[in-house]
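Remarks on the structure that follows.
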Amino acid sequence: MVLSKLDLRLFGGFEARTADGVALSFSTKKAKALLAYLAVHPGRGHSRSSLAGLLWGVSGEEQARASLRQTLSYIRKSLAPTGEEHLVIDGDLISIDPATVRVDVAVLVELAANGEAEDADSLADPYRGDLLEGLDLRETEFNDWLRDETTRLRDMATEVLGAAMVRLTEAGTLAKALAVGQKLLSVDPFQENIHRAVMRIHLQQGERALALKQFEACREILMRELGVEPDEETARLAE
């Protein structure tokens, strides 16, 4: 029998669905945060005390552990429609079963390890934005973890896409290389080297107007967000 799997999308927000696409409801931020924390590294066990401190650090130890128990129970009930028990509790350790869950973070990590991203579509599904975008908790330890993970995964997506863009450009597959460049800029719009690469592709395609339009987009984002002009190399290319 094929297992009913859980589909967790943590990039660009939080979304949980059954294998056949039915959305699962999570009304509490702490439940989303706990499930996401376990799912970023599926199969890795975390102690109850560390999880309680991560998400209920301002509470006393007894209250924090009680809140953890309640949230785990809530997660189980919320995941019941998948027909599987996704949480694994082994003594004091809690993890999520990697055999019954698909996590977009894991897809990105695999792409980075294998270097398989050949076009923008390869990452369009897994990388839709920053990790747990919009999830705001008043928990210092969790927020510190989220900030570090967001940076790590954004850098990973940039590296995977950058390598794919170079390969596609060298192979002369300019339309795909251009799509990857645009995806890269949606991840990090301040990369002047990518703006220049996109400009050069437009020039190779005989689209001078589009190349200049890309330069103007680059200048606008740099001036608006950083208060600086494009560097000399970018300006020279525009000229």
Side-chain angles (χ1 to χ4, degrees), residues 7-15 17 21 39-40 102-134 146-239:
D7 184 12
L8 279 180
R9 300 185 180 188
L10 308 180
F11 287 127
F14 177 95
E15 185 178 314
R17 293 182 178 274
V40 165
R102 177 189 181 276
V103 189
D104 53 2
V105 173
V107 174
L108 172 62
V109 171
E110 185 176 356
L111 284 171
N114 299 334
E116 295 177 349
E118 293 296 337
D119 54 53
D121 292 338
S122 298
L123 278 176
D125 176 43
Y127 198 87
R128 302 177 300 159
D130 283 340
L131 182 67
L132 296 176
E133 196 170 279
L146 182 58
R147 182 191 61 244
D148 292 343
E149 282 296 293
T150 295
T151 299
R152 179 180 74 89
L153 294 169
R154 187 192 298 136
D155 290 346
M156 186 181 294
T158 299
E159 182 179 348
V160 170
L161 286 165
M165 188 178 187
V166 170
R167 290 195 302 271
L168 292 167
T169 301
E170 290 176 347
T173 317
L174 299 183
K176 285 188 175 183
L178 183 61
V180 173
Q182 298 294 358
K183 179 66 177 180
L184 261 169
L185 292 176
S186 74
V187 174
D188 182 358
F190 305 115
Q191 301 177 88
E192 280 197 64
N193 61 320
I194 303 302
H195 283 284
R196 290 194 295 269
V198 169
M199 290 168 67
R200 291 189 181 100
I201 291 174
H202 283 314
L203 288 173
Q204 286 180 264
Q205 294 175 322
E207 299 286 357
R208 293 172 59 86
L210 290 179
L212 286 172
K213 184 178 180 180
Q214 187 65 44
F215 172 74
E216 291 300 330
C218 174
R219 181 161 65 180
E220 180 183 353
I221 189 70
L222 291 176
M223 282 299 300
R224 184 176 71 246
E225 301 297 333
L226 304 178
V228 299
E229 289 280 354
D231 65 27
E232 184 179 346
E233 184 179 354
T234 308
R236 213 169 34 238
L237 178 59
E239 291 172 1

Nearest heavy-atom neighbours spanning Leu8 and Ala39: CD1-CB, 3.5 Å

With a cut-off of 3.5 Å and sequence neighbours excluded, list every side-chain donor-acceptor pair involving residues 208-229.
from   : atom 1 : to     : atom 2 : distance (Å)
Gln214 : NE2    : His195 : ND1    : 3.0
Glu216 : OE1    : Arg219 : NH2    : 2.9
Glu216 : OE2    : Arg219 : NH2    : 2.9
Glu220 : OE2    : Arg224 : NH1    : 3.3

Residues Gly12 and Glu133: closest non-hydrogen pair is C-CB, 3.8 Å

If I compare all heavy atoms of Ala177 with all of Leu168, which pair ends up nearest, and what's the gap? CB-CB, 3.8 Å

Find out whether Val180 and Arg167 are in side-chain contact, i.e. whether some heavy atom of one side chain is under 4.5 Å from a heavy atom of the other. no

What closest approach, in Å, do Met156 and Ala112 show between heavy atoms, and which atom pair accounts for it? CG-CB, 3.5 Å

Could you tell me which residues satisfy salt bridge (charged side-chain N to carboxylate O under 4.0 Å, His left out) with Arg196, sequence neighbours excluded, listed by chain and number? Asp231, Glu233

Using the test salt bridge (charged side-chain N to carboxylate O under 4.0 Å, His left out), find all partners of Asp7 that sit at least two apart in sequence or belong to another chain. Arg9, Arg102

At what distance, to the nearest 0.5 angstrom, does CG of Asp148 lie from CG of Leu153? 11.0 Å

Rounded distance [0.5 Å steps], CG in Leu146 versus CD in Glu149: 8.5 Å

Where do Tyr127 and Leu111 land on the side chain to side chain contact (heavy atoms under 4.5 Å, CB included) test, with the steps shown first? CA-CA 11 Å; Tyr127 198 87; Leu111 284 171; over 6 Å; no

Tell me, please, which residues at least two apart from Glu232 pass salt bridge (charged side-chain N to carboxylate O under 4.0 Å, His left out). Arg236

Just to verify, what does Glu192 make a side chain to side chain donor-acceptor pair (under 3.5 Å) with, not counting sequence neighbours? Thr234

Side-chain touch Gln205/Leu178, heavy atoms, less than 4.5 angstrom: yes

Of all the heavy-atom pairs spanning Ala157 and Leu108, show the shortest one and how long it is. CA-CD1, 4.0 Å

What is the distance from atom CG of Asp188 to atom CG of Leu161, rounded to the nearest 0.5 Å? 11.5 Å

For the atom pair CG (Asp130) and CZ (Phe11), what is the distance rounded to the nearest 0.5 Å? 9.0 Å

Looking only at heavy atoms, which two atoms of Ile194 and Gly181 are closest? And how far apart? CG2-O, 3.7 Å

Taking atom CG of Leu10 and atom OG1 of Thr150, what is their separation to the nearest 0.5 Å? 10.5 Å

With side chain to side chain donor-acceptor pair (under 3.5 Å) as the rule and sequence neighbours excluded, what pairs involving residues 155-164 come up? none

